[in-house]
Engineer: 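First the structure, which I've put down as structure tokens, then a few questions once you've had a look.
Here is how names work: the chains are called A, B, and so on, in the same order as the sequence lines, proteins then strands, and each is numbered from 1.
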Amino acid sequence: MIIASWNVNSIKARLPRLLEWLEERKPDIACLQEIKTVDEGFPRAAIEDLGYNVAVHGQKTYNGVAILSRLPFDEPPEARLPGDDSDSQARYLEAVVSTDKGALRVASIYLPNGNPVDSEKFPYKLAWMDRLRDHAAGLLRYEENFVLAGDYNIIPDAGDVYNPKAWTDDALYCRASREKFQALMHLGLTDAFRACNDAPDQYTFWDYQRGAWAKDHGLRIDHLLLSPQAADRLKTCRIDKPVRGRERPSDHTPIWAELAL
DNA sequence: ATGGCTAGGCCCCCTAGA
């Protein structure tokens, strides 16, 4: 089955692009980020008409995540990441589906950007990453298939950004951010894209500004992180780059993995 | 030589994104 992640940068602005991509790629599960609407504003019917079950954790104006699944959800999907009851930003949604080869847990993640690094946004990002690591450590104890899919706002390595020197002090690439990402990976997760492709400059985001798309000045910041059980079933992982070049695009493009499930 | 965008809100200018 195909599990995808896409930061759509507003579900309402991007609905035509989303519907055409769902019909082309036919993902079994699609994790969306930055839907930028409350639950009631989500265009649920148009997506259900394509055969998807829809789970939404929305918020007015900012953030917001969703999970689309051809298979029904086993239990009501769980919003929010444990560890901070005062966190009101809609950045996490987790669901479980049953396949004939076992259960699959999927999370849609919109990890905080963290810029500027001298603002309160940066410690919020780092604390959020600590919470994600703690939660992932708990999930690993089930020894099941899971995929943590989303916009991590983390450039893992120098080969994942067009000009790494310019990003040294940015919240997406600075030492503290990448150390937190490494701590998460060192639990035993697999970066699905890097497990399938070691070429540099394979991006998932291109800024709307400064002709970034035309010059291929991109970042690889959207990731599918797999549990060991899911990694054993990984067949391929790809980035749907042409979607970024379409009319009224998101600044992110979809990434997806195929698992033998 | 420079600066070049997009989306939402209650909206003609601001915040936010990365």
Engineer: What interatomic distance, in whole Å, is found between C1' of B/dA16 and the corresponding atom of B/dC11?
Structural biologist: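 Result for the C1' pair: 16 Å, nearest Å.
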Engineer: For B/dC12 and B/dA7, measure between their C1' atoms and round to the nearest Å.
Structural biologist: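 The same atom, C1', in both gives a distance of 15 Å.
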Engineer: Please state the C1' separation for the pair B/dC5 and B/dA18 - nearest whole angstrom.
Structural biologist: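 Straight-line distance between the two C1' atoms is 12 Å.
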Engineer: Who pairs with A/Arg238 by salt bridge (Lys or Arg N to Asp or Glu O under 4.0 Å), at least two apart in sequence or on another chain?
Structural biologist: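 Here no residue qualifies.
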Engineer: For A/Glu48, which residues count as a side-chain contact (heavy atoms from CB on, under 4.5 Å) partner, sequence neighbours excluded?
Structural biologist: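 Partners of A/Glu48 under the side-chain contact (heavy atoms from CB on, under 4.5 Å) test: A/Arg44, A/Val54.
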Engineer: So A/Phe181 and A/Met129, side chain to side chain contact (heavy atoms under 4.5 Å, CB included) or not? Walk me through it.
Structural biologist: CA-CA 7 Å; A/Phe181 189 70; A/Met129 296 184 79; 4.0 Å; yes
Engineer: Classify every nucleotide of nucleotides 8-18 of chain B by which part a protein heavy atom approaches to under 4.0 Å, writing B for the base, S for the sugar-phosphate alone and - for neither, in 5'-to-3' order.
Structural biologist: SSS-----SBB
Engineer: Verify whether one side chain among A/Lys36 and A/Asn9 offers a donor that lies under 3.5 Å from an acceptor in the other.
Structural biologist: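 Yes, side-chain donor-acceptor contact under 3.5 Å.
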Engineer: With a 4.0 Å cut-off on N to O distance, would you call A/Lys26 and A/Glu23 a salt bridge?
Structural biologist: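 Salt bridge between A/Lys26 and A/Glu23, a charged N being under 4.0 Å from a carboxylate O: no.
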Engineer: Is NZ or CZ of A/Arg220 both nearer than 6.0 Å to the six-membered ring centre of A/Phe205 and within 45° of the ring axis?
Structural biologist: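 No, A/Arg220 does not sit over the ring of A/Phe205.
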Engineer: Using the C1' atom in both, what is the distance from B/dT2 to B/dC13, to the nearest Å?
Structural biologist: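 About 24 Å, rounded to a whole number of Å.
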Engineer: How far does the P atom of B/dC10 sit from the matching atom of B/dT15, given to the nearest Å?
Structural biologist: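 Per the computed distance, 14 Å lies between those P atoms.
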Engineer: If you measure from the P atom in B/dC14 to the same atom in B/dG4, how many Å do you get, rounded?
Structural biologist: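 Roughly 16 Å separates the two P atoms.
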